[in-house]
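Below, chains carry the letters A, B, ... as their sequence lines are ordered, and counting in each starts from 1.
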Number of protein chains: 2
Amino acid sequence: MKLSTRGRYGLRAMLDIARHTEKNEPVSIAAIAQHQDLSERYLEQIMMSLKKAGLVYSSKGAKGGYTLGKKPEDITVGEIIRALEGEISPVECVSLQKSEECIRADFCVTRIIWREVRDVINQVLDKYSLADLLKEEKNLQKEENYADGLSGS
Amino acid sequence: MKLSTRGRYGLRAMLDIARHTEKNEPVSIAAIAQHQDLSERYLEQIMMSLKKAGLVYSSKGAKGGYTLGKKPEDITVGEIIRALEGEISPVECVSLQKSEECIRADFCVTRIIWREVRDVINQVLDKYSLADLLKEEKNLQKEENYADGLSGS
DNA sequence: GATAATACCTACCAAATTAATAGGAATTAT
DNA sequence: ATAATTCCTATTAATTTGGTAGGTATTATC
């Protein structure tokens with residue numbers, strides 16, 4: 001039950017872009033990779049998925065890079081994660097676009113649980129937008145400064 | 001974000017044992033494997049983990065097998081899944097018995113989300129006991145009968 | 001118009017994890 | 001004694017993940 005690096009890296013990349021979104025300058029893969037300490041080549045693939053999902057807009061050529069495809073408050077973590085990892089579901093048999101029905105589907109009680117797990121995970125992921133996270137980030141920094149002040153002087 | 005077969009098979013195995021628990025006869029690996037259509041050899045390993053966690057009691061030798069280690073209402077799905085898959089957490093960095101702290105830990109906002117996801121998953125899993133599932137199973141069967149009755153005669 | 005910086009695309013590869021097999025020892029009811 | 005069972009450890013096969021690689025297309029800048 002672990003998220004893969006695609007989802008984790010992708011979310012961090014999106015946050016990185018979101019932080020630069022005020023200036024409205026595109027952020028390059030090279031820049032993101034450096035900030036986030038990721039492989040450029042791997043990040044490239046991740047960005048392609050995000051682009052395909054419409055979550056980022058890209059401009060090619062020199063000075064090119066990525067900007068958010070929507071406002072930070074309109075991009076949820078759920079969208080990002082699902083764009084990168086596919087539908088989030090703890091088991092195949094309660095996946096919405098599942099390939100084939102399990103033969104046990106009709107009488108298998110465990111599906112009740114898997115459905116509920118699927119739903120709560122997605123609810124949490126959909127609850128947070130990039131804007132929310134940026135706001136939380138500022139709170140974290142405040143706390144940090146406060147702690148420094150206390151222990152420091 | 002998928003559960004492994006260990007967890008899924010293990011839960012089904014536990015339900016199987018729970019169904020036989022009234023008679024208080026141990027259920028053998030061979031029998032469970034047959035009912036659930038699983039590899040005996042693989043199930044064997046799963047049962048070892050369940051035993052180690054105290055969720056089943058085993059008796060060796062002819063007529064041996066497994067019985068529940070506690071009352072069905074005292075065994076939660078969460079306990080079973082965690083016994084088989086380890087701690088349930090979407091990322092390593094919010095795992096309770098994590099090996100090493102992430103260098104980003106202090107300022108990484110994504111952890112807020114991962115923690116919440118971790119908690120809701122475990123809450124759902126801990127909410128259901130084997131007894132609850134057996135009860136649900138009976139409900140499913142009733143509905144089935146009812147549906148048959150409607151479409152049948 | 002040349003150059004450098006960038007995204008885009010597809011294929012491939014290596015490591016890790018998962019799922020399962022296999023062989024045999026120990027125990028116990030009959 | 002025998003057959004049925006759990007217990008333990010090692011090995012292997014399959015799948016997924018996490019990346020690397022090579023090359024093309026586009027565009028700002030000089």
**Student:** So does A:K63 pair up with A:E25, basic N to acidic O under 4.0 Å?
**Tutor:** no
**Student:** Does the side chain of A:P72 reach to within under 4.5 Å of the side chain of A:T21, using non-hydrogen atoms?
**Tutor:** yes
**Student:** Testing A:L96, A:I113, A:V91 one by one against A:R118 for a side-chain contact (heavy atoms from CB on, under 4.5 Å), which residue passes?
**Tutor:** A:L96
**Student:** Let's go through B:E116 and A:Y128 carefully: what are the C-alpha distance in whole Å and the side-chain angles of both, what is the deciding distance for side-chain hydrogen bond (donor to acceptor under 3.5 Å, both in side chains) to 0.1 Å, and is it a yes or a no?
**Tutor:** CA-CA 11 Å; B:E116 199 167 329; A:Y128 291 101; 2.5 Å; yes
**Student:** To the nearest Å, how far apart are A:M47 CE and C:dC8 C1'?
**Tutor:** 13 Å
**Student:** Is the shortest distance from a Lys or Arg side-chain nitrogen in B:R104 or A:D37 to a carboxylate oxygen in the other one below 4.0 Å?
**Tutor:** no
**Student:** Classify the side-chain pair A:T110/B:R12 by whether it contains a donor and acceptor separated by less than 3.5 Å.
**Tutor:** no
**Student:** Does the side chain to side chain contact (heavy atoms under 4.5 Å, CB included) test come out yes or no for A:Y57 and A:Y66, once each step is laid out?
**Tutor:** CA-CA 6 Å; A:Y57 175 79; A:Y66 295 90; over 6 Å; no
**Student:** Are A:E79 and A:K70 within salt-bridge range, i.e. N to O under 4.0 Å?
**Tutor:** yes
**Student:** Do B:I80 and B:L130 have side chains that get closer than 4.5 Å, going by heavy atoms?
**Tutor:** yes
**Student:** What parts of residues 57-65 of chain A reach DNA chain C, counting only heavy atoms under 4.0 Å away?
**Tutor:** A:S58, A:S59, A:K60, A:G61, A:A62, A:G64, A:G65
**Student:** Where do N or O atoms of nucleotides 17-25 of chain C meet protein N or O atoms at under 3.5 Å, pair by pair?
**Tutor:**
unit_1, atom_1, unit_2, atom_2, d
C:dA19, OP1, B:T5, N, 3.2
C:dA19, OP1, B:T5, OG1, 3.3
C:dA19, OP2, B:S4, OG, 3.4
C:dA19, OP2, B:T5, N, 3.2
C:dA19, OP2, B:T5, OG1, 2.9
C:dA19, O5', B:T5, OG1, 3.2
C:dT21, OP2, B:S39, OG, 2.9
C:dT21, O4, B:Q45, NE2, 2.3
C:dA22, N7, B:R41, NH1, 3.3
C:dG23, N7, B:R41, NH1, 3.2
C:dG23, N7, B:R41, NH2, 3.0
C:dG23, O6, B:R41, NH2, 2.4
C:dG24, O6, B:R41, NH2, 3.0

**Student:** Per the side-chain contact (heavy atoms from CB on, under 4.5 Å) rule, which among A:E85, A:M1, A:E92, A:K2 passes with B:K2?
**Tutor:** A:E92
**Student:** Reading DNA chain D from 5' to 3', where do the contacts with chain B start and stop? Cut-off is 4.0 Å to heavy atoms.
**Tutor:** D:dA4 to D:dA10
